[in-house]
Asks: 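First, the structure itself, so that you have it in front of you.
Labels below follow one simple rule: chain letters A, B, ... track the order of the sequence lines, proteins then strands, and each chain is numbered from 1. Just so it is clear, the structure is predicted and the values come from calculations on it, not from any experiment.
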Amino acid sequence: MSDFSKPYTAKEHEDRIYERWMESGYFTPENLPDAKNRKPFTMILPPPNATGTLHIGHAVMLAIQDTLIRFWRMRGRKTLWLPGADHAAIATQEKVEKELYKKEKKTRHDLGREEFLHRVDAFVEESRSTIKTQIRKMGCSLDWTREAFTMDAQRSLAVRTAFVRMYDAGLIYRGHRIVNWDPKLQTTVSDDEIEWMEEKTPFYYLKYGPFTIGTARPETKFGDKYVVMHPDDERYKQYKHGQTIDLEWIGGPITATVIKDRAIDPEFGTGVMTITPWHDTADFDIAERHKLNKEQIIDLQGKLLPIAGAFAGEHVTKARPKIVEKLKEKGLIEKVDENYIHRIAIDSRGGGTIEPQILEQWFISVSAKLWSVSSNEETTLKEMMQRVVENGQITILPKRFEKIYFHWINNLRDWCISRQLWYGHRIPVWYCVACGKNAKNEQDLQKCTRPIVSIEDLTACPHCGGAIRQDPDTLDTWFSSGLWTFSTLGYPEKTNDLEQYHPTDVLETGYDILFFWVARMILMTGFLLGDIPFHTVYLHGLVRDAQGRKMSKSLGNIIDPLTMSEKYGADATRLSLLIGNAPGNDLKMSEDKIRGYRNFANKIWNASRFVITNTEEFSPATTEKINLTLRDKKILADVERLSKEITKDIENFRLYLAAEKTYHYFWHTFADNIIEEAKPRLKGTDTADKTSAERMLYETLITLLKLLHPFMPFVTEAVWEKVPNNKDSLLMVEKWPV
RNA sequence: GGGUCCAUAGCUCAGCGGCAGAGCGUUCGAUUCACAUUCGAAAGGCCGAUGGUUCAAAUCCAUCUGGACCCACCA
C-alpha cells in the first residue's frame, strides 16, 4: 500500500472522488444505509441566481452547509440537502437585455414579450449548468435528483396556488401607492433593493408667497399648491390650517392652501415646505393624511408632463438648470446653499435613479386580520412573523440578529409584490375586456368587472365567456423564494417529502438577506402551511479581502473560489472559509490563508501514509485484541474527549472552533508529538509495545479522518481509500466517532 | 434620527470573573527521517480611555473615544 504519490495533489483526486460519491447514490437520503430507521435532517440550499457564476459568497455558504450535512449524515441522520436555482427576475432580465443590446442593438420591445422570454430561458439554461458544475467542484453532497428551479412547472404551480390562496384570504390587494420607480429598467423596486448615494447639490430657497421654502429639486415644484408647517410653530401662528393664499409661482399665479402637520421639522430650513405627493414618499403620507390632491409632474420615462408648461417633454435632469434660470428671472430665488448634501436613491440591481411615482400595484397586507390555524386566534402576518421567533419556535443565530429582526418587523409596511418586468412569474390575474356582454345574469356581470384570479391559465372570461387579458406584471422574485422550503418538496400537493422533511432543520444564509428572504419565508410558510419553514437560522457574514474591503471587480480584489480550488484544492478553500468565520461576522480572506490549508491537506496525506504503511497488517477485528500501554490508552482517551468537544461545537454551530481544534490537534499533537514519539517504538524489539503503538496510531488516525471529513471531504476520502481494511467503503457514510 | 456590533501580539482573531492565548507574519537554527507544502526555538501585549462593582476584571456595569454595519430618511 505504498502507492501514495508524494505531495498530495488535490486535482488528481477531487473529480474522481466526487464521481464515487455520486455513484454511491448516498446524496439521496433514501439510499443511505438503514435509511428507514434514520431521523430526517433537512437543509434547502439557498438557490444561487440562475445568471451567475460561483463567487466566494456562494463558496462560504456551500462550505458551511456541506460541513453540517456531512456531519449529520455520519451521525446517522437521513440527510437531505436540496439544490436549486433562483430565476432572479430583475438581475436576469437586465443581463439579457444588455447582451441583446450589445450584440444586436435591440431592446426587449423590439423582440416582443414571447421572443424575449425565449432568449432569457436559453440564457438561464446555460448558466444553470455552469453553476451546477461549479457547486460540485466544491464537494457538495447535494441530492441532485431533487433539483428545483423557481421557474419550473412545479414551482410555478406553487406560486400561483399561493397567490390565489392569499388573494382569497384578503391578504393580497391592488392599490394606488407611491412606489420606487426605476425609469431606466421601467419597473418598481422594493425598498430593500435601494441604495442611497450622497451627492452635493445646490439647495434653493424659493419665495413662495409670504413664505420661503427650500428645495434641492426645483423641477418637481410646478404642481405644489400646499404649503405645510408644524402646528406649534410660533413663527407661522397667524396662518390657519386650510387657509388659502394667492401667490405668484413658476408658471404664474396660483392659490395655495396652508396645511399644518407634525411631520414638519421646525428646525430644518425655514420650517415651511411645499409638497409633491406624486413624487415623494413623505409628501405622499402628508397628502394622504389630509386628503389632498395629488398631481403627476414627471412621467414614467423621467420626462416633465404638460403641467411644466414650456418645459414639458424635457428630461428632469436637463430641465433643472433651465428651470432655475426661469426662477431667477422671476425673482423667486432668495438664496442658494451650494454645499448641500442631497441623498439620492439608486436601484441597486440596475443602477437607475429612483423616481417615486404613484402607480397601481399588488400588495400583500401584513396587518390585515386573518385566522391563524396554528394558534387558533385572529392575527396578522406581522404578528405571526414576530411570534414564531419570540416564542423560540425559530432560533436565529447569532442571537443578536433576533433583535434586528424584531426591529425590522416593527417598521414593516405592506409588501409590494408586482414588478413591471417580463421575466418572472406572471401575476395570475385576468381582466374581462368583453365588459360582460354575454353575461347571463346580474351576478355574473358584476363578477366581470372585478379581477379574476386563477391557478389555471384562462383563455376566456369564466363568467361571460368573453375576451380577457392577463395582468402584464410579474411577481417580485422573493415571492417565489418565500415558498422555497416547501415548494421544493412538492407543495401544493401533500407529498411524502413534505410530510417527512418539512419544517427543515437549518436555514444557512448570509445576514444580508435576513429581511429579503428569511423573513418572507417565515411569512409565506406561516400563512400557507400554518407552520415554520425551519427551526434554526444560521447567518454567516460577508467575505472581504485581506484589508477588510468588499470584494468587487473594480477594486480587482476578487478571490475566485474555483481558481483557488484548482490551485490549492477544494478542501483548502473550504477550510479557509470556515476557520475564523464566526456566525454573523465578516470574514477576511486572502490567498495566503488558502495556501496554508493546502499545506494542511498535504500534512494529512503524509502523516496518514506514515501510519498506514506502519500498520499494514492490521484489521479492525484484530486491533481489539491488542493490549494498550497506559500511555496509549491515555492518548485514545484524549482523542475521545476531542471528538466529544468537536461534536458539541458542530451541534452548536461553532464550526470555526471545531475546524480549528481538529486542525490543531491533527498537526501539532498527532503529527508533531504522537507520531514522533511512536517512531522509536515501531522500530523497537518489544513486540507488545510495538503493537500497542500501532493500534493507538491506527485508531487515532481513523477517528481523526472522520472528524476531519465534514470539513475536508476530498483528502480524507482519498486517504480512506488507502486504508487496507476499507476497500470499497466510503468515509462519507461511516459512523461518527462518539 | 433609531438600532446592532466591534476595539486583546505587526496582521486575523479566540478567551468573556481566577498566571494573557492560537494561526499567519518576523528573526534565528535544523534537515539522509511520512512531509521543505517540513521540523525546533525566539522576539513581540498598560487586553481603546476613565470611573465603578468584586478578595479578584481583558472578562460584569457606567461614561467617553475611535471604527463597522443595519433601518428610517429630512423638504
Asks: Mind checking if E660(A) touches a base, just sugar-phosphate, or nothing, with heavy atoms under 4.0 Å?
Replies: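 Contact class for E660(A): sugar-phosphate only.
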Asks: Of the options rC69(B), rC71(B), rG23(B), whose atoms approach the side-chain atoms of H664(A) most closely?
Replies: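 It is rG23(B).
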Asks: Determine the Euclidean distance between corresponding P atoms of rU27(B) and rG66(B); express it in Å to zero decimal places.
Replies: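 Here rG66(B) and rU27(B) have their P atoms 37 Å from each other.
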Asks: Taking for each residue the nucleotide of RNA chain B with the nearest heavy atom, is it N602(A) or D592(A) whose nucleotide lies nearer the 5' end?
Replies: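 On the 5' side of the pair lies D592(A).
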Asks: So which nucleotide from rU37(B), rA22(B), rA75(B) ends up closest to the side chain of P7(A)?
Replies: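 Nucleotide nearest to P7(A)'s side chain: rU37(B).
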Asks: What integer number of Å spans the C1' atoms of rU54(B) and rA62(B)?
Replies: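 Those two atoms are separated by 16 Å.
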Asks: Check whether any side-chain N or O of W667(A) sits under 4.0 Å from OP1 or OP2 of rC39(B), and answer yes or no.
Replies: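 Indeed, a polar side-chain atom of W667(A) lies that close.
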Asks: Could you check which nucleotide pairs with rG40(B) in any of the strands shown, counting Watson-Crick or G-U wobble with both distances under 3.5 Å?
Replies: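 The answer is rC28(B), by the H-bond criterion.
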Asks: Look at K679(A) and rC33(B) and indicate whether a side-chain polar atom (N or O) is within less than 4.0 Å of OP1 or OP2.
Replies: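 Checking K679(A) against rC33(B): no side-chain N or O falls below 4.0 Å of OP1 or OP2.
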Asks: Using a 4.0 Å heavy-atom cut-off across all strands, classify L587(A) as base, sugar-phosphate, or nothing.
Replies: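 The answer is nothing, as L587(A) stays clear of every strand by at least 4.0 Å.
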Asks: Would you please confirm or rule out a distance under 4.0 Å between OP1 or OP2 of rU38(B) and any side-chain N or O of N599(A)?
Replies: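 For N599(A), the contact criterion (side-chain N or O under 4.0 Å from OP1 or OP2 of rU38(B)) is met.
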Asks: Excluding sequence neighbours, so at least two apart, what forms salt bridge (charged side-chain N to carboxylate O under 4.0 Å, His left out) with K328(A)?
Replies: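 Checked K328(A) against salt bridge (charged side-chain N to carboxylate O under 4.0 Å, His left out); zero matches.
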Asks: Suppose the criterion is ring-ring contact (aromatic ring centres under 6.0 Å, His included): which pairs have a residue in residues 394-413 of chain A, not counting sequence neighbours?
Replies: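 ring-ring contact (aromatic ring centres under 6.0 Å, His included) check on residues 394-413 of chain A returns F401(A)-Y511(A), W408(A)-F515(A).
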Asks: For W605(A) and Y8(A), take the angle between the two ring planes, folded into 0 to 90°, and tell me which bin it lands in: parallel under 30, tilted 30 to 60, perpendicular over 60.
Replies: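 The arrangement is tilted - the two ring planes meet at 30° to 60°.
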Asks: So, under a plain 3.5 Å distance rule, would you say the side chain of K603(A) forms a donor-acceptor pair with the base of rC35(B)?
Replies: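 Counting by modelled atom types and ignoring angles, a donor-acceptor contact under 3.5 Å is found here.
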Asks: Using side chain to side chain contact (heavy atoms under 4.5 Å, CB included) as the criterion, list what pairs up with P277(A), not counting sequence neighbours.
Replies: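 Residues passing side chain to side chain contact (heavy atoms under 4.5 Å, CB included) with P277(A): I275(A), A287(A), K294(A).
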Asks: Out of rG40(B), rC35(B), rC24(B), which has the shortest distance to the side chain of N606(A)?
Replies: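 For the N606(A) side chain, the nearest candidate turns out to be rC35(B).
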Asks: Apply side chain to side chain contact (heavy atoms under 4.5 Å, CB included) to P202(A) and list each qualifying residue two or more places apart in sequence or on a separate chain.
Replies: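 For P202(A) the side chain to side chain contact (heavy atoms under 4.5 Å, CB included) partners, ignoring immediate neighbours, are Y204(A), V336(A), E338(A).
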Asks: Look through every strand shown and name the nucleotide pairing with rC5(B) as Watson-Crick or G-U wobble, where both distances are under 3.5 Å.
Replies: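 Its partner is rG67(B) (Watson-Crick or G-U wobble, both distances under 3.5 Å).
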Asks: Throw together a table of side-chain donor-acceptor distances under 3.5 angstrom for residues 665-674 of chain A, partners on residues two or more places apart or in other chains.
Replies:
unit_1  : atom_1 : unit_2  : atom_2 : d
H668(A) : ND1    : D672(A) : OD2    : 3.0
N673(A) : ND2    : H668(A) : O      : 3.2

Asks: Check the side chains of D224(A) and T276(A) for a donor-acceptor pair under 3.5 angstrom, ignoring hydrogens and angles.
Replies: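 On atom types as modelled, these side chains qualify, holding a pair under 3.5 Å.
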Asks: Which residues satisfy the side chain to side chain contact (heavy atoms under 4.5 Å, CB included) test with T353(A), sequence neighbours excluded?
Replies: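 Counting only residues at least two positions away or on another chain, T353(A) forms a side chain to side chain contact (heavy atoms under 4.5 Å, CB included) with I346(A).
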Asks: Counting only Watson-Crick or G-U wobble pairs whose two distances fall under 3.5 Å, which nucleotide matches rA58(B)?
Replies: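 Answer to the pairing question: none, since rA58(B) forms no Watson-Crick or G-U pair.
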Asks: Compare the minimum distances between each of rA14(B), rC71(B), rA75(B) and the side chain of N411(A), then state the nucleotide with the smallest one.
Replies: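 The answer is rC71(B), which lies nearest to the side chain.
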Asks: Ignoring hydrogens and geometry beyond distance, is a side-chain donor-acceptor pair present between E508(A) and H540(A) at under 3.5 Å?
Replies: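 Judged by distance alone, the side chains do pair up.
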Asks: Quick one: are the ring centres of Y239(A) and F211(A) less than 6.0 Å apart?
Replies: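 Under 6.0 Å, so yes.
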Asks: Counting any heavy atom closer than 4.0 Å, what does F670(A) reach on the DNA or RNA strands: base, sugar-phosphate only, or nothing?
Replies: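 No contact.
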Asks: Between rA14(B) and rU59(B), how far apart are the two P atoms, rounded to whole Å?
Replies: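 Approximately 16 Å lies between the P atom of rA14(B) and that of rU59(B).
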Asks: For rC73(B) and rC60(B), measure between their C1' atoms and round to the nearest Å.
Replies: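 My reading of the C1' atoms in rC73(B) and rC60(B) gives 37 Å.
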Asks: Send over the distance from L542(A) CG to rC70(B) C1', rounded to a whole Å.
Replies: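 Between C1' of rC70(B) and CG of L542(A): 12 Å.
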Asks: Would you mind classifying the nucleic acid contact of R343(A) as base, sugar-phosphate or nothing, using non-hydrogen atoms under 4.0 angstrom?
Replies: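 R343(A): base contact, heavy atoms under 4.0 Å.
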Asks: Taking only the side-chain nitrogens and oxygens of K588(A), find out if one of them lies under 4.0 Å from OP1 or OP2 of rU12(B).
Replies: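 For rU12(B), OP1 or OP2 has a side-chain N or O of K588(A) closer than 4.0 Å.
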Asks: Using atom P in both nucleotides, what's the gap between rC46(B) and rG52(B) to the nearest angstrom?
Replies: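 That atom pair is separated by 23 Å.
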Asks: Quick one: M589(A) CE to rC24(B) P, roughly how many Å, whole number?
Replies: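 Going from M589(A) (CE) to rC24(B) (P), I get 15 Å.
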Asks: Just jot down the salt bridge (charged side-chain N to carboxylate O under 4.0 Å, His left out) partners of R289(A), sequence neighbours excluded, or say none.
Replies: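 R289(A) satisfies salt bridge (charged side-chain N to carboxylate O under 4.0 Å, His left out) with D261(A) once adjacent residues are dropped.
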Asks: Looking only at atom C1', what distance separates rC13(B) and rU8(B), rounded to whole Å?
Replies: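 That atom pair is separated by 9 Å.
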Asks: Looking only at side-chain atoms of T215(A), point me to the closest of rA34(B), rC24(B), rA75(B).
Replies: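 Given the options rA34(B), rC24(B), rA75(B), the side chain of T215(A) is closest to rA75(B).
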Asks: What contact category does I579(A) fall into here, base, sugar-phosphate, or nothing, at under 4.0 angstrom with non-hydrogen atoms?
Replies: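 Nothing, no nucleic acid heavy atom in range.
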Asks: With sequence neighbours excluded, tell me which residues meet salt bridge (charged side-chain N to carboxylate O under 4.0 Å, His left out) with D545(A).
Replies: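 In terms of salt bridge (charged side-chain N to carboxylate O under 4.0 Å, His left out), with neighbours along the sequence ignored, D545(A) is linked to R549(A).
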Asks: Across all strands, who's sitting opposite rA14(B) as a Watson-Crick or G-U wobble pair, both distances under 3.5 Å?
Replies: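 Its partner is none (no Watson-Crick or G-U wobble pair with both distances under 3.5 Å).
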Asks: Between rC74(B), rA72(B), rC70(B), spot the one nearest the side chain of F515(A), thanks.
Replies: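 The answer is rC70(B), which lies nearest to the side chain.
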Asks: List the residues meeting salt bridge (charged side-chain N to carboxylate O under 4.0 Å, His left out) with K588(A), not counting sequence neighbours, and say none if there are none.
Replies: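 None.
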Asks: When you measure from every atom of RNA chain B, which of residues 265-272 of chain A have a heavy atom less than 4.0 Å away?
Replies: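 Heavy-atom contacts with RNA chain B come from D265(A), F268(A), G271(A).
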Asks: Quick check with a 6.0 Å cut-off and a 45 degree axis cone: is K679(A) positioned over the face of F610(A)'s six-membered ring?
Replies: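 Satisfied, under 6.0 Å and within 45°.
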Asks: To the nearest angstrom, how far is N673(A) atom CG from rC35(B) atom C1'?
Replies: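 From N673(A) CG to rC35(B) C1': 16 Å.
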Asks: Looking at residues 276-291 of chain A, who's got a heavy atom less than 4.0 Å off RNA chain B?
Replies: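 Contacting residues: D280(A), A282(A).
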Asks: rC47(B) pairs with which nucleotide, Watson-Crick or G-U wobble, both distances below 3.5 Å?
Replies: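 The base-pairing partner of rC47(B), which may sit in any strand shown, does not exist here.
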Asks: Taking atom P of rA75(B) as reference, at what distance in whole Å does atom NZ of K225(A) sit?
Replies: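 Rounded to whole Å, this separation is 23 Å.
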Asks: Taking protein heavy atoms under 4.0 Å as touching, what does nucleotides 1-6 of chain B look like 5' to 3' if B marks base contact, S marks sugar-phosphate-only contact and - marks none?
Replies: -B-SS-
Asks: Taking rG10(B) as the reference, what is the distance to rU4(B) when you measure between their C1' atoms (whole Å, please)?
Replies: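 It comes out at 30 Å once rounded to the nearest Å.
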Asks: Does R413(A) reach a base, just sugar-phosphate, or nothing at all? Heavy atoms under 4.0 Å.
Replies: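 Answer is sugar-phosphate: R413(A) comes under 4.0 Å of backbone atoms only.
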Asks: I'd like to know if E694(A) and K690(A) make a salt bridge, using a cut-off of under 4.0 Å between side-chain N and carboxylate O.
Replies: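 Looking at E694(A) and K690(A), the cut-off is met.
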Asks: When you compare rA22(B) with rC64(B), how far apart are their C1' atoms, in angstrom units rounded to a whole number?
Replies: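 About 32 Å, rounded to a whole number of Å.
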